[in-house]
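For reference, the structure discussed in these notes is given below.
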Protein chains: 2
Amino acid sequence: MARKHEEAERCECMHVHEDMIEMVETHMPQEEELADLAEFFRVFGDTTRIRILYVLMCSEVCVCDIANLLGMTQSAISHQLRVLKQMDLVKNRREGKTIFYSLADSHIKSILSQGLEHINE
Amino acid sequence: MARKHEEAERCECMHVHEDMIEMVETHMPQEEELADLAEFFRVFGDTTRIRILYVLMCSEVCVCDIANLLGMTQSAISHQLRVLKQMDLVKNRREGKTIFYSLADSHIKSILSQGLEHINE
DNA sequence: CTTTCATATGAATACTTGTTCACGTGTTAT
DNA sequence: ATAACACGTGAACAAGTATTCATATGAAAG
């Protein structure tokens with residue numbers, strides 16, 4: 001989503017100290033890392049994906065079960081599982097015709113609960 | 001983002017047990033809470049906003065300093081600060097003509113570093 | 001091989017979102 | 001009052017995204 005922002009017209013003021021600029025530039029992650037970080041959090045920015053993650057917290061389940069539980073089409077779930085998989089939030093396992101999905105990492109739960117903590121003041 | 005999904009055509013299979021369905025439904029947060037949660041994480045899903053947060057981790061700064069530091073227009077920054085403020089991630093303070101922004105909450109840092117932990121395996 | 005079932009995927013569409021542009025607001029100084 | 005400055009904001013546009021629809025893949029059964 002970050003668009004162009006090449007040469008922005010800047011105002012004249014500059015309140016920050018020189019060492020502050022230094023400090024910001026040393027603490028700020030690299031551009032690529034920032035992009036990865038934003039992409040990571042964007043995955044949590046959708047209720048369907050969050051609901052899928054909450055289902056997978058309870059149990060390993062197949063795609064069509066998730067679709068049933070959430071009242072959505074298999075296709076929609078499959079598309080979102082792809083996103084979750086690409087970000088390494090879920091993993092899957094084949095058993096005959098069905099494919100079972102589960103959480104890839106246990107600290108996903110921790111991130112979600114920290115989010116809940118914040119919105120509940 | 002989350003669109004209609006009223007009546008989805010569901011496949012016939014149902015692998016999950018009855019008590020699993022029960023468990024999912026008791027652990028899944030309410031619809032409104034899920035929406036708030038997604039909205040919260042969506043704020044972190046943009047590199048500009050993340051960069052602003054990293055700047056504010058270092059120091060309380062004014063809008064135009066952020067614009068200068070990030071090489072973007074004051075307007076773009078102002079729009080994003082509004083989003084951050086609405087989600088209670090930042091607070092501000094007026095001093096004459098300038099308005100200083102700072103982090104509203106210290107555990108924002110914790111959420112960001114957990115994100116970094118994940119993407120660095 | 002053909003059919004059936006569970007899942008994946010590409011294209012299309014409606015919706016969302018970040019930035020820019022122009023202008024409005026509020027404060028300080030002259 | 002007027003000008004200058006820092007910041008906020010609404011409209012508009014481009015780019016991104018979630019879902020649907022139709023179809024493809026891949027495995028098991030007949």
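Computed over heavy atoms, backbone and side chain alike; hydrogens, waters and symmetry mates excluded. A note on names: the letters A, B, ... follow the listed sequences, proteins ahead of strands, and every chain is numbered from 1.
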I'd like a list of close polar pairs between nucleotides 9-11 of chain C and the protein, N/O only, cut-off under 3.5 Å.
{"residue": "C:dT9", "atom": "OP2", "partner": "A:Arg82", "partner atom": "NE", "Å": "3.2"}
{"residue": "C:dT9", "atom": "O4", "partner": "A:Ser75", "partner atom": "OG", "Å": "2.7"}
{"residue": "C:dG10", "atom": "O6", "partner": "A:His79", "partner atom": "NE2", "Å": "2.8"}

Rounded to whole Å, CG of B:Leu81 lies from P of C:dG18 at a distance of 13 Å

Residues passing the side-chain hydrogen bond (donor to acceptor under 3.5 Å, both in side chains) test with B:Ser113, sequence neighbours excluded, are none

In short, side chain to side chain donor-acceptor pair (under 3.5 Å) pairs touching residues 75-84 of chain A with sequence neighbours left out are A:Arg49-A:Gln80

Rounded to whole Å, CZ of B:Arg93 lies from P of D:dG8 at a distance of 14 Å

Between CZ of A:Arg51 and P of D:dA18 the distance, given in whole Å, is 14 Å

Contacts of A:Arg93 meeting side-chain hydrogen bond (donor to acceptor under 3.5 Å, both in side chains) (sequence neighbours excluded), chain-then-number -> A:Glu60, A:Glu95

For A:Phe44, the ring pair (Phe, Tyr, Trp, His ring centres under 6.0 Å) test, sequence neighbours excluded, returns A:Phe40, B:Phe41

A:Glu39 atom CD is separated from D:dG16 atom P, nearest whole Å, by 12 Å

When rounded to whole Å, the CG to P distance for the pair B:Asp65 and D:dC5 reads 16 Å

Given D:dT17, is OP1 or OP2 found less than 4.0 Å from the side-chain N or O atoms of A:Gln80?
-> no

Sorted by chain and number, sequence neighbours left out, side chain to side chain contact (heavy atoms under 4.5 Å, CB included) with A:Ile21 holds for A:Met14, A:Val16, A:Glu18, A:Glu25, B:Leu69

Point to revise | Within 6.0 angstrom of A:Glu22 CD, more than 12 heavy atoms from elsewhere | key: no

Numerically ordered, the residues 84-92 of chain B set in heavy-atom contact under 4.0 Å with DNA chain C is none

Taken to the nearest whole Å, CG/B:Asn68 to C1'/D:dA6 is 12 Å

Would B:Val43 end up clustered with B:Met57 when hydrophobic side chains under 4.5 Å apart are linked, directly or stepwise?
yes

Residue set satisfying side-chain hydrogen bond (donor to acceptor under 3.5 Å, both in side chains) with B:Asp88, at least two apart, ordered chain then number -> none

To the nearest angstrom, the CE-C1' distance between B:Met72 and D:dC7 comes to 16 Å

Those residues at least two apart in sequence (or on a different chain) that pass side-chain hydrogen bond (donor to acceptor under 3.5 Å, both in side chains) with A:Gln114 are B:Ser110

Rounded to the nearest 0.5 Å, the CG atom of B:Leu84 sits from the OG1 atom of B:Thr48 at a distance of 10.0 Å

Checking D:dT17, C:dT7, D:dA18 against the side chain of A:Arg42 (C-beta onward), the nearest is D:dT17

Under a 4.0 Å heavy-atom cutoff, the residues of residues 94-102 of chain B touching DNA chain D are B:Lys97, B:Thr98, B:Ile99, B:Tyr101

Those residues at least two apart in sequence (or on a different chain) that pass ring pair (Phe, Tyr, Trp, His ring centres under 6.0 Å) with A:His107 are B:His118

